[in-house]
Amino acid sequence: MIEATSSLVLQWFGEDAAFWFDYLTNGKHMAWYASVRFTLFAAVFGAICAVVFGLLGAAARRSGFVPLALIGRVYITMIRGIPDVLFFLFFPLAFEQAVEFFMARQHCPEALATVTGWPPCDAAQWFLTTTDYLLLASVSLGIVYGSFAANVIHGAMDAVPESQLEAARAYGFSERAVFWRFRVRQMWVYALPGLSNVWMLLLKATSFLSLLQIADIVLWAERLGAPNYIARVGLVHPDWRWKYYLVLFLFFILMTYLSEQLFNRLQARASRGMALNN
Amino acid sequence: MSVLTEHAVVQDIIVLAKPALFNIYFALASIPIGFPLAMLLALGKNSRSAFIAYPARLYIYAFRGSPLFIQFFMVYSIMLAFNISHWKPMGIDHVVLHPLFLGPLVLILNTAAYAAEIFAGAMKAVPKSQIEAAHAVGMSRWQTFRSVIWPNTLRLAWPAYTNEMVFLFHATAIVYFTLPVINEQKDLMNKAGELFERDYNVFLHFSVAGLYFLVISIAIFALCGVVQRRLNRHLALASNDGANAIKPIKFNPGYLR
């Protein structure tokens, strides 16, 4: 299909356009375009994790059980003191080592006792595939931005009118039912603006994927832009990295713009019939 | 004493002390220039002239809407592209391409956008009545800005700007993921990564690096709290007399960063 389009471009727009079309659709560039799937997967799956962790964190924070409330409080405030990229790198590495620890306990407990390096023995080495790293990275994003989300959700839960909850109690709902079926059910519309901001932050943080050796759009931009020298042809192009990074810069701005539009629609839809501005 | 210094955590704290200075340097070099730039951008965003407001809005949107990670790569590669044609002939290539120059440069560009969004919001939240009062007593536009709008903006924006400064400090963690590391000029993340590659003890090294970030973040919060109290000292006095307490004006941005 690319060949057919290429000849059409040649017919309609001339040789220059056809050259650039061929250049921009060669194998490496197609791999670059395809690698957007990693970014999008990490963003979407990470966001789902973040909402789940956020909900659990906010629920823990409001718990009457003191240790649980303390855990929730620490989880919500941790992101204030420690950079996201540190967590982002720490969690996959720590998880990998924890798994390898249990593997070593199975395969070579004697080596584990006198451990000097890591992993203790070859049998206990876990080779992670790109998919594994991607899943770990997404959960990692979920933990970090779940902390932001927990803060937002905690605030939104406070914004739910107390009278609605009193009405629920008057009808005889248990405290647990009041919490999950009324407070959590009603808080989304108040949480949406904050969650939209968390989504933007998470989307931007997906650019860190290349730090975990995932061949995402950032890594491909680096590869494609580096000075390209082929012995047969000579210098194909000098250092073009800035052009590729500029494209990524614009790509992320576009994604932010699209998300903003989507969240505006969502907010308008969610607040139908709600008196929010009183 | 030697038992203490031989402890792995203490040793890590000692080893990571110098790298922490690099993070502090990046933050300290960026904030004093980022702050006035952000104020100018905020004024531009709220300007009535479309020729000023539009570029300012565009800049703020672009730098808030894209990852700092990409901004680092982009600015660095652009600077590299100008190297042969500009920096080398001018003889400033070793300065302009140095991470200790480029790091603060990108951080300034980034924090100016985030802080400008905060300041622009706070500027809009300054009560109209106060500005009208300033006009009524015959203040010029500059006097109004100088003695009414600016102090109020700063006061309103300070809690959010404190957050921004802490986030900026956290953002210094990715400087050396994107810029070349020269000899022993390493920051916390870099050094922690190096220690990790030596003995694969991820829990120890990353925790100690995290501890440094945590302690310095708390120090920034504490310092900014002192400034906050100083900015609001007249309000604290006013709110003491019960019924006549002045209701504090507030600016709560709906975003964390």
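Labels below follow one simple rule: chain letters A, B, ... track the order of the sequence lines, proteins then strands, and each chain is numbered from 1. All values reported here derive from a predicted model rather than from experimental measurement.
If you measure heavy-atom distances from B/Phe177 to chain A, the contacts under 4.5 Å come from the side chain alone. If you measure heavy-atom distances from B/Ile78 to chain A, the contacts under 4.5 Å come from both the backbone and the side chain. For chain B, no part of A/Asp84 is nearby; none of its heavy atoms comes within less than 4.5 Å. Only the side chain of B/Phe221 comes within contact range of chain A, judged by heavy atoms closer than 4.5 Å. Only the side chain of B/Ser217 has a heavy atom closer than 4.5 Å to any heavy atom of chain A. Contacts between A/Leu211 and chain B at a heavy-atom distance below 4.5 Å involve the side chain alone, from C-beta outward. For chain A, no part of B/Tyr76 is nearby; none of its heavy atoms comes within less than 4.5 Å. With a 4.5 angstrom heavy-atom cutoff, A/Leu201 touches chain B only via side-chain atoms. Interface remark: B/Phe167 contributes side-chain atoms only to the contact with chain A (heavy atom separation under 4.5 Å). Residue B/Met74 touches chain A through both its backbone and its side chain, counting heavy-atom pairs closer than 4.5 Å. Contacts between B/Ile216 and chain A at a heavy-atom distance below 4.5 Å are absent for every atom of the residue. Looking at A/Glu260, the atoms closer than 4.5 Å to chain B (heavy atoms on both sides) all sit in the side chain, from C-beta outward. Contact of B/Ala209 with chain A is made through backbone and side chain together, with heavy-atom distances under 4.5 Å. For chain B, no part of A/Ser259 is nearby; none of its heavy atoms comes within less than 4.5 Å.
Options B/Phe169, B/Phe69, B/Tyr212 differ in how many heavy-atom pairs under 4.5 Å they form with chain A, and the most are formed by B/Phe69. Chain B forms the most heavy-atom pairs under 4.5 Å with one residue out of A/Arg80, A/Met200, A/Met255, and that residue is A/Arg80. With respect to chain B, the highest number of heavy-atom pairs below 4.5 Å among A/Glu222, A/Gln97, A/Lys243, A/Glu96 belongs to A/Gln97. Comparing B/Ala62, B/Ser207, B/Ala171 by heavy-atom pairs within less than 4.5 Å of chain A, the highest count is held by B/Ala62.
Residue A/Trp242 places its CH2 atom among 12 or fewer non-hydrogen atoms of other residues, nucleotides or ligands, all under 6.0 Å distant.
The minimum heavy-atom distance between B/Phe251 and B/Gly121, with the atom names listed, is CE1-C, 3.5 Å. What you find for B/Ile174 and B/Thr178 is that their closest heavy atoms are O-OG1, 3.4 Å. Considering all non-hydrogen atoms of both residues, A/Ser207 and A/Asp216 come closest at O-OD2, 4.0 Å. What you find for A/Ile82 and B/Gly210 is that their closest heavy atoms are CG1-O, 3.8 Å.
If you look at B/Tyr161 and B/Phe119, their ring centroids are closer than 6.0 Å. Between B/Phe206 and A/Phe87, the ring centre distance reaches or exceeds 6.0 Å. Remark: aromatic rings of A/Tyr244 and A/His29 are close, center separation under 6.0 Å. Annotation: A/Phe38 is not in aromatic contact with A/Phe41 [ring centroid separation under 6.0 Å not met].
Residue B/Thr111 forms a side chain to side chain contact (heavy atoms under 4.5 Å, CB included) with just one option from B/Leu68, B/Leu168, B/Leu37, and that option is B/Leu168.
A cation-pi arrangement, defined by a distance under 6.0 Å to the six-membered ring centre and an angle within 45 degrees of its axis, is present between B/Arg257 and B/Tyr114.
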